[in-house]
Amino acid sequence: MKLSERLGMRVGLNSARMYPMVKPRELKHKKRLNIYPAPPFHFDGTFHKPSHFPATTEDWEPGKFWQTIRLGNKLLGLKIEKGGFAAKPQIRVTVYSGKPIVSTELENIRRELIYRNELDNDLKQFRVLTARDKRFAPIFRRWQGMRNATSDSLYKLLIISVVLQNATVRRSVQMLTALLERYGDRVQFDKREFYAIWLPERMAGVGEDELRALKVGYRAKFIKRLSADMAAGLVDEQKLRGLDTDTIKKELLRLYGVGPETVRILLFEVFHRSDAFIHIAPWQQKIYSRLFYKKKLMPAARIQRDIQKQYGQYAMLAVHYIWEDIFWRRRHEHIPWLEEEIRL
DNA sequence: CATCAGGGCCCTG
DNA sequence: CAGGGCCCTGAT
């Protein structure tokens, strides 16, 4: 299946078609790596987030997940498979690379996967808290062991956040696809094709009008400045991980194009701050109103206060469970009010 | 056809 | 601290 077909919609019509399509680079070296996440563990809930829009940098089937990843200057392909059993869950990782991987790099990949997917966290306190939640206990039980996981680097999620701004999902997908086709790296592994996010330096020589030709609009300036700042090391993802939430927030807000909603996304998904329920966008407000109050529209401040009061340091994580659950259900049952709000 | 707001953010007054 | 403007698109 072609990459653009996988997205299930017409995309990329305006993008790299003007330029010759580059052949995918084959990542033919393989190494295996096993990780044993703290039980309980929910593989599909962790590695697939149905509320996220599809990207050509990854793919999922039940029990399997593929993604590209950049570590240091290496571009890698990962195939991640479900293994083990309930009492001892296992994650089987195949690492694909252009040049052979040495064992220290393999250990870096392990560490990175554990951090990005919270594999060393058994969420015990969270389970205790949610088990006595009268309304949503069934949801928390259904997804028990699901982590707040992300396949994205800080830079990639910054770019995604920028294409999300003031656009409908369809257009966001178009923009990201166009950018990946033009500037991303095309690779092949496990008989599949993917794109990888370009290095931020790649944007240095790119003109704003060249970006605008990909119909990203005023976001061209954001993409340029964000890339320059990231390439210059204005913020360091690895360093930020160890800092307290307020400092991370302050640092991220220095980036041009990062405001309250983007910083919330980054704090939760990239930096795993489970309490980062710090902003509610208007479209989320409508969905939360339905989910939590069965009402059309509740004041955002009220929603935030209620959720924070009930789930405390796990406020954002709890919302994540309920949010992803409704998007999973959407596949099998028609939920009219939801369709109305998300407008693909 | 025209108008409008969208999975925000920056900048101005 | 509120509100206008921003690119482009599909909905009305």
Side-chain angles (χ1 to χ4, degrees), chain A residues 4 7-15 17-18 49-55 148 150 152 156-179 181-182 206-230 234-235 249-270 276-291 296-301 303-304 316 319-320 322-324 326-327 330 335-344:
Chain A
S4 52
L7 301 184
M9 44 183 97
R10 295 180 352 157
V11 291
L13 299 175
N14 46 39
S15 57
R17 298 289 172 265
M18 301 188 277
K49 305 298 183 185
S51 80
H52 293 187
F53 72 72
N148 161 32
T150 181
D152 299 326
K156 186 176 170 217
L157 202 48
L158 278 166
I159 297 296
I160 290 175
S161 303
V162 167
V163 302
L164 279 172
Q165 292 172 11
N166 212 29
T168 48
V169 171
R170 179 185 215 87
R171 196 168 165 236
S172 298
V173 174
Q174 280 180 0
M175 286 189 276
L176 187 66
T177 305
L179 288 164
E181 287 182 353
R182 182 82 179 93
V206 175
E208 199 179 310
D209 29 329
E210 185 183 323
L211 278 173
R212 279 176 177 262
L214 303 181
K215 307 200 173 175
V216 299
Y218 65 89
R219 298 170 193 80
K221 192 165 71 172
F222 290 22
I223 294 169
K224 288 275 306 172
R225 279 183 64 171
L226 270 176
S227 299
D229 285 349
M230 291 301 285
L234 184 68
V235 301
K249 185 177 169 188
K250 209 173 72 205
E251 290 295 304
L252 292 175
L253 286 170
R254 290 166 62 205
L255 293 166
Y256 189 75
V258 174
E261 173 61 7
T262 300
V263 87
R264 181 199 63 80
I265 295 173
L266 297 173
L267 277 178
F268 183 60
E269 295 196 16
V270 177
F277 192 59
I278 55 176
H279 182 256
I280 299 176
W283 73 285
Q284 296 160 346
Q285 182 187 355
K286 294 176 197 161
I287 297 179
Y288 293 156
S289 298
R290 294 278 193 167
L291 287 175
K296 262 212 134 69
L297 200 64
M298 294 291 284
I303 300 174
Q304 200 177 342
M316 193 66 245
V319 171
H320 175 68
I322 297 160
W323 183 264
E324 293 303 327
I326 191 83
F327 278 86
R330 175 171 170 261
I335 308 170
W337 65 263
L338 184 60
E339 296 304 323
E340 206 172 298
E341 301 303 356
I342 54 184
R343 299 176 317 102
L344 294 174

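The chains referred to below are lettered A, B, ... by the order of the sequence lines, with proteins before strands, and numbering in each begins at 1.
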- [ ] Identify, between K221(A) and F53(A), the residue whose nearest nucleotide on DNA chain B lies closer to the 5' end.
- [x] F53(A)

Task: Position toward the 5' end of DNA chain B (nearest nucleotide), H52(A) or F222(A) - done: H52(A)

Task: Close approaches to DNA chain B from residues 251-259 of chain A, in residue order (heavy atom, under 4.0 Å) - done: L255(A), Y256(A), G257(A), V258(A), G259(A)

Open item on the list: List the residues meeting side chain to side chain contact (heavy atoms under 4.5 Å, CB included) with E261(A), not counting sequence neighbours, and say none if there are none.
Closed with: R264(A), I265(A), H279(A), A281(A), Q284(A)

Considering only atom [atom1], compute the distance from [N] to [M] and round it to an integer number of Å.
| N | M | atom1 | answer |
| --- | --- | --- | --- |
| dG10(C) | dC9(B) | C1' | 23 Å |
| dT9(C) | dC10(B) | C1' | 22 Å |
| dG4(C) | dC4(B) | C1' | 15 Å |

Open item on the list: Please determine whether the number of non-hydrogen atoms from other residues, nucleotides or ligands lying under 6.0 Å from atom NZ of K49(A) exceeds 12.
Closed with: yes

Open item on the list: Does dC7(C) have its OP1 or OP2 closer than 4.0 Å to a side-chain nitrogen or oxygen of R212(A)?
Closed with: yes

Open item on the list: Is the phosphate of dG7(B) approached by S161(A) (side-chain N or O, under 4.0 Å from OP1 or OP2)?
Closed with: no

Task: N-O pairing of R290(A) and E341(A) below 4.0 Å - done: no

Open item on the list: Checking the side chain of Q174(A) only, and the main-chain atoms of K215(A) only, is there a donor and an acceptor separated by less than 3.5 Å?
Closed with: no

- [ ] Examine distances only and state if a side-chain atom of E269(A) and a backbone atom of N148(A) form a donor-acceptor pair shorter than 3.5 Å.
- [x] no

Open item on the list: For Watson-Crick and G-U wobble pairs within 3.5 Å on both distances, what is DNA chain C written in dot-bracket notation, | included for inter-strand pairing?
Closed with: ||||||.|||||

Task: N/O donor-acceptor pair, side chain R171(A) with base dC7(C), under 3.5 angstrom - done: yes

- [ ] Please determine, for the side chain of T168(A), which listed nucleotide (dG10(C), dC7(C), dG7(B)) has the closest atom?
- [x] dG7(B)

Open item on the list: Contact between F222(A) and V163(A) at the side-chain level, heavy atoms closer than 4.5 Å - yes or no?
Closed with: no

